[in-house]
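Just so it is clear, the model here is predicted, and its values are computed rather than measured. Order of listing sets the numbers, starting from 1, for every ligand and every atom in it.
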Amino acid sequence: MKKNTFVTHLECSISGERYEKDLVHGLSDKGKPLLVRYDLEKIKELFSKDYIKKTDKNGFWRYSFLLPVETSNIISLGEVLTPLLSLDNVAKKLNQKKDLLVKDEGLLPTSSFKARGLGVAVSMAKQFGIRHLAIPSNGNAGAAMAAYGAKAGIKCTVFCPDDTPEINIREISRLGAEIFKVNGLINDCGKIVREGKDEVGWFDVSTLKEPYRIEGKKTMGLELAEQLNWELPDVIFYPTGGGTGLIGMWKAFSELQKLGWVEKKLPRMVAVQADGCAPIVDAWRQGKETAELWENANTIAAGIRVPVAVGDFLIIRAVNESNGFAISVSDNEIVEARDFVSKTEGTLLCPEGAATLAAFEKSLSEGLVSNNDRVVLFNCASGLKYSLPEVKNTLNKDQSVDYSMF
Ligand SMILES: *Cc1c(COP(=O)(O)O)cnc(C)c1O
């Protein structure tokens, strides 16, 4: 096997115990996520900010020196650097004085940022010669795994709650994965994957239950830093389900700091959830380190309808270390924020992305952030992957048109 990565080992996120890099891993012996560690001294010696500008690798693969995938195992579906859009019309209306930016992840393969995590995880599965992957998914993760799995020639099995957006379910099926609709939530789907492991022999790609999706998601932080010319924003609002992205970005910032590529001050990380499923917000408010299972989880923001997260303590840790906070918003606020942005900015956010704007507005009015903060929101999927309100206007071409109505 060609060794051209800078991975030194993996580390249990709770005990710090070391794990060998060249073995297939799930959770640590303590049942907690494993984090990948790199030889940052070596990377610092060999790479620079300038090097990144010149690389010809697609999208997030440009940061391959901070990823675990050997070059020959990279599976690429045409990843792009996602745009950082300025919501200047919205900012004006909210009296926000500094940047209000949204990182629009809907342009990645399969139209969501799950492509980052699954692109890396499936490439690693290829690297390890794994033949069968299984995942519980609210839609986007399953689609991304199916796409990269199809390209890699790896069998994929997906379990979705039966009320997952229909477009996702059909997309996953067209991408060649076997998909099953389960009469439950994502944690019920996760249980099926976990309990079938020994009998079927599939590899469990659940959020944070293998070490590499977080490495892919980390590239959001690297890309953001590069796009902002290595000056990170004051606050990041992140729609938090399993929390891979928030934990991943926090890990990325720490790695960038150790490389000396960003200055001391790191962004405050804000975990945004929906009122109908807010286990992290609840736990954070009560000063707890871990969260309780959220009963009867319910929100239109499917991607953040995650009643229990194995990385709960890592989310809360990142929020606290960054002097951030956790906040939830209602489905009504989400819909209002989505419609506000689409009509004033020409950008159709997904409900999870809209939740971050709703949370920003609420935080501004509650004084949790100031209108002088540079703020980045995350829109994690294309707004087109969700059902939209029906349009009732019709016009009969065979009757005279009443032009007074326009
Ligand atoms: C998965 C998902 C999220 C949550 O991401 P995590 O990093 O797992 O917390 C948010 N929004 C969308 C659209 C998603 O698909």
Side-chain angles (χ1 to χ4, degrees), residues 33 82 102-118 120-121 135-145 147 158 160-161 164-165 167-169 171-172 185-187 189-190 205-210 212-221 236-252 269-274 277-281 291 297 299-312 314-316 318-319 326 328-329 334 338 348-359 377-386:
T82 63
V102 61
K103 189 138 172 70
D104 191 2
E105 298 277 290
L107 283 88
L108 287 164
T110 66
S111 308
S112 90
F113 70 172
K114 290 293 195 300
R116 294 181 188 269
L118 275 310
V120 171
I135 197 169
S137 169
N138 282 325
N140 290 328
M145 187 178 91
V158 181
C160 283
T164 296
I167 189 77
N168 279 298
I169 292 175
E171 178 190 19
I172 292 166
L185 295 175
I186 189 161
N187 49 318
C189 298
V205 197
S206 302
T207 299
L208 289 166
K209 290 189 182 163
E210 58 75 58
Y212 304 112
R213 282 176 65 182
I214 178 177
E215 292 303 295
K217 282 278 197 85
K218 165 182 102 175
T219 62
M220 286 190 288
I236 291 177
F237 285 81
Y238 185 80
T240 306
T244 342
L246 191 146
I247 302 164
M249 279 196 275
W250 192 240
K251 182 173 188 284
M269 305 299 286
V270 180
V272 178
Q273 298 199 303
C277 182
I280 300 294
V281 178
T299 167
I300 56 162
I304 54 175
R305 194 178 62 171
V306 178
V308 55
V310 63
D312 52 1
L314 294 172
I315 303 170
I316 293 169
V319 164
S328 67
V329 292
I334 290 174
R338 181 192 65 197
L348 184 60
L349 301 178
C350 63
E352 298 84 351
T356 64
L357 177 66
L377 312 175
F378 272 84
N379 186 51
C380 304
S382 164
L384 292 175
K385 292 193 107 175
Y386 300 76

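- No donor-acceptor pair under 3.5 Å is formed between the side chain of E352 and the backbone N or O of P239.
- For residues 237-249, the side-chain hydrogen bond (donor to acceptor under 3.5 Å, both in side chains) pairs, not counting sequence neighbours, are K217-Y238.
- Residues that satisfy the side-chain contact (heavy atoms from CB on, under 4.5 Å) test with A318, not counting sequence neighbours, are L246, W250.
- Side-chain atoms of N379 come within 3.5 Å of backbone N or O of C350 as a donor-acceptor pair.
- Side chain of N187 to backbone of C189: no donor-acceptor contact under 3.5 angstrom is found.
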Quick one: side chains of residues 107-116, donor-acceptor pairs under 3.5 Å with protein atoms, not counting sequence neighbours, listed by atom name and distance.
{"from": "S112", "atom 1": "OG", "to": "K114", "atom 2": "N", "distance (Å)": "3.0"}
{"from": "R116", "atom 1": "NE", "to": "E105", "atom 2": "OE1", "distance (Å)": "2.6"}
{"from": "R116", "atom 1": "NH1", "to": "T219", "atom 2": "OG1", "distance (Å)": "3.0"}
{"from": "R116", "atom 1": "NH1", "to": "E223", "atom 2": "OE1", "distance (Å)": "2.9"}
{"from": "R116", "atom 1": "NH2", "to": "E105", "atom 2": "OE1", "distance (Å)": "3.3"}
{"from": "R116", "atom 1": "NH2", "to": "E105", "atom 2": "OE2", "distance (Å)": "2.8"}
{"from": "R116", "atom 1": "NH2", "to": "E223", "atom 2": "OE1", "distance (Å)": "3.2"}
{"from": "R116", "atom 1": "NH2", "to": "E223", "atom 2": "OE2", "distance (Å)": "3.2"}

With the criterion set at N/O pairs under 3.5 Å, what does the list of contacts between the protein and ligand 1 look like, atom names and distances included?
{"from": "ligand 1", "atom 1": "5 (O)", "to": "Y238", "atom 2": "OH", "distance (Å)": "3.4"}
{"from": "ligand 1", "atom 1": "7 (O)", "to": "K217", "atom 2": "NZ", "distance (Å)": "2.7"}
{"from": "ligand 1", "atom 1": "7 (O)", "to": "Y238", "atom 2": "OH", "distance (Å)": "2.5"}
{"from": "ligand 1", "atom 1": "7 (O)", "to": "T244", "atom 2": "N", "distance (Å)": "3.2"}
{"from": "ligand 1", "atom 1": "7 (O)", "to": "G245", "atom 2": "N", "distance (Å)": "2.9"}
{"from": "ligand 1", "atom 1": "8 (O)", "to": "G242", "atom 2": "N", "distance (Å)": "3.4"}
{"from": "ligand 1", "atom 1": "8 (O)", "to": "T244", "atom 2": "OG1", "distance (Å)": "3.3"}
{"from": "ligand 1", "atom 1": "9 (O)", "to": "G241", "atom 2": "N", "distance (Å)": "2.7"}
{"from": "ligand 1", "atom 1": "9 (O)", "to": "G242", "atom 2": "N", "distance (Å)": "3.2"}
{"from": "ligand 1", "atom 1": "9 (O)", "to": "G243", "atom 2": "N", "distance (Å)": "2.6"}
{"from": "ligand 1", "atom 1": "15 (O)", "to": "K114", "atom 2": "NZ", "distance (Å)": "2.8"}
{"from": "ligand 1", "atom 1": "15 (O)", "to": "N140", "atom 2": "ND2", "distance (Å)": "2.8"}

